[in-house]
Amino acid sequence: MRSFKIATWNVNSLRVRLPQVLNWLADAQPDVLALQETKLIDADFPIEAIQQAGYQVIFSGQKTYNGMAILSRRPATNIITGFPDYEDPQRRLLAAVIDDIRIVNLYIPNGDNIHSEKYQYKLAWLKQLDVFLKNELQGHSQIIVLGDFNIAPDDIDVHDPKQWAGKVLFSEPERNAFRDMLQVGFIDTFRQLNPAEKVFSWWDYRMNAFKRNVGLRIDHVLSSHALASQCVKCYIDKLPRTHERPSDHAPVIAEYHD
DNA sequence: ATGGTTGCAACGCAA
């Protein structure tokens, strides 16, 4: 591997956002782009438009909700579309090997609110993820885990940590689960390279949240230790969030070099 | 304490 540029973007409907994704690919020229919330069944996936842009693509979709894709310059092998030992009707995981790097694309459940069934589902999902990632580390040394984690890890990742204390996306059990991921062998690439930067990857559509920069950093790129030392740059591209009809999330980009 | 915005798809559900 000489240099490698990878990004994650929750597009909140690939049907609506396809033109923006194609424009962004042309500008940013990543080697890999992991998408979440495509909201497309596989039969409706825009394979040709993506191939014409010079990318191969794998995807795992469902009707109306969720849905994952990985776009890449080079072919994807060893594809997994769900946890091996956990039946989940929701399409939230897509993993593959690209250029000898294990890429794990995640759309961790939102959780709604901490008193809800969906929050319990989120915590159960995070437990499965822990098992899965430990197992992945047995088989691969070079791993990138990226996507919409729906977890803000620390105070600095939240516009107003006092207001968000105990709330979903920032509750202790969720943040503990994130810390556990780091514990088992991953680095929060953005935070490693930008230790004091208070920037966000998601802003609610409501209440002019983006204009007021009322947001959270919930989209992440984690690197296994073998790769983390090769990551030279990690940043959030806010520009697409300023466009007409934007996704509520911004892309997060990481660049690796020998 | 509630509401606000978007996408899907058909009006409430999920985020």
Side-chain angles (χ1 to χ4, degrees), chain A residues 8-24 34-46 49 59-69 82 87-94 105-126 129 146-153 157-171 173-175 177-178 200-220 236-252:
Chain A
T8 173
W9 195 3
N10 179 325
V11 289
N12 185 19
S13 168
L14 186 56
R15 187 178 279 111
V16 172
R17 234 68 68 188
L18 180 62
Q20 294 186 40
V21 170
L22 295 175
N23 284 336
W24 191 82
L35 300 179
Q36 305 87 39
E37 283 206 272
T38 55
K39 298 189 174 179
L40 290 170
I41 59 170
D42 289 349
D44 292 342
F45 198 91
F59 45 88
S60 171
Q62 67 178 92
K63 198 171 183 278
T64 311
Y65 303 119
N66 310 309
M68 313 296 288
E87 264 311 311
D88 186 2
Q90 304 189 23
R91 310 325 288 157
R92 296 179 172 278
L93 172 64
L94 181 62
N105 182 12
L106 300 179
Y107 177 40
I108 294 177
N110 172 287
D112 192 37
N113 74 79
I114 63 161
H115 306 293
S116 68
E117 291 283 339
K118 288 184 203 134
Y119 183 75
Q120 292 308 315
Y121 165 65
K122 181 177 196 173
L123 296 183
W125 206 94
L126 286 165
L129 179 62
L146 76 175
D148 178 359
F149 285 60
N150 271 314
I151 301 171
D157 303 310
V158 179
H159 73 276
D160 183 351
K162 286 210 172 90
Q163 183 197 314
W164 277 85
K167 299 254 170 64
V168 74
L169 310 183
F170 194 54
S171 72
E174 294 164 86
R175 295 168 66 190
F178 188 88
F200 310 127
S201 67
W202 169 83
W203 303 260
D204 201 300
Y205 281 123
R206 296 166 285 191
M207 306 298 288
N208 283 315
F210 182 67
K211 265 183 197 156
R212 298 187 293 129
N213 198 27
V214 170
L216 304 176
R217 191 175 71 94
I218 56 175
D219 301 87
H220 305 296
I236 297 168
D237 182 4
K238 287 174 70 166
L239 187 61
R241 189 64 176 80
T242 68
H243 293 336
E244 284 291 311
R245 262 194 121 178
S247 166
D248 45 351
H249 294 255
V252 183

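To find a chain, count down the sequence lines: A is the first, B the second, and so on, and within it residues start at 1. Note that the structure is predicted; figures quoted are calculated from it, not measured.
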*What string of B, S and - do you get for nucleotides 6-15 of chain B, 5' to 3', if B is base contact, S is sugar-phosphate-only contact and - is no contact with any protein heavy atom under 4.0 Å?*
SSSS---BSB
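- A pairwise comparison of heavy atoms in A/Arg245 and A/Gln20 identifies O-NE2, 2.8 Å as the closest pair.
- Taking CG from A/Leu106 and CD from A/Gln36, the interatomic distance works out to 8.0 Å, rounded to the nearest 0.5 Å.
- Nucleotides B/dT6 and B/dA10 place their C1' atoms 16 Å apart, quoted to the nearest Å.
- Across B/dA15 and B/dA9, the matching P atoms stand 15 Å from one another, rounded to whole Å.
- Here, B/dG4 and B/dG12 have their P atoms 15 Å apart, quoted to the whole Å.
- Rounded to an integer number of Å, the gap from A/Glu244 CD to B/dT5 P is 16 Å.
- When the P atom is compared between B/dA1 and B/dC11, the two are found 32 Å apart, to the nearest whole Å.
- Using N1 to N3 plus N6-O4 or O6-N4 for Watson-Crick, or N1-O2 and O6-N3 for G-U wobble, each under 3.5 Å, B/dC13 pairs with B/dG7.
- One can place NZ of A/Lys211 at 13 Å from C1' of B/dT5, the figure rounded to the nearest angstrom.
- The distance from atom CG of A/Leu216 to atom CH2 of A/Trp164, rounded to the nearest 0.5 Å, is 4.5 Å.
- Separating the OH atom in A/Tyr107 from the CH2 atom in A/Trp125 is a distance of 10.5 Å, to the nearest 0.5 Å.
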*Show your reasoning for whether side-chain contact (heavy atoms from CB on, under 4.5 Å) applies to A/Trp203 and A/Lys238.*
CA-CA 10 Å; A/Trp203 303 260; A/Lys238 287 174 70 166; 3.8 Å; yes
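- When the options A/Ile151, A/Leu126, A/Ile114, A/Leu123 are evaluated for a side-chain contact (heavy atoms from CB on, under 4.5 Å) with A/Pro173, the one that passes is A/Leu123.
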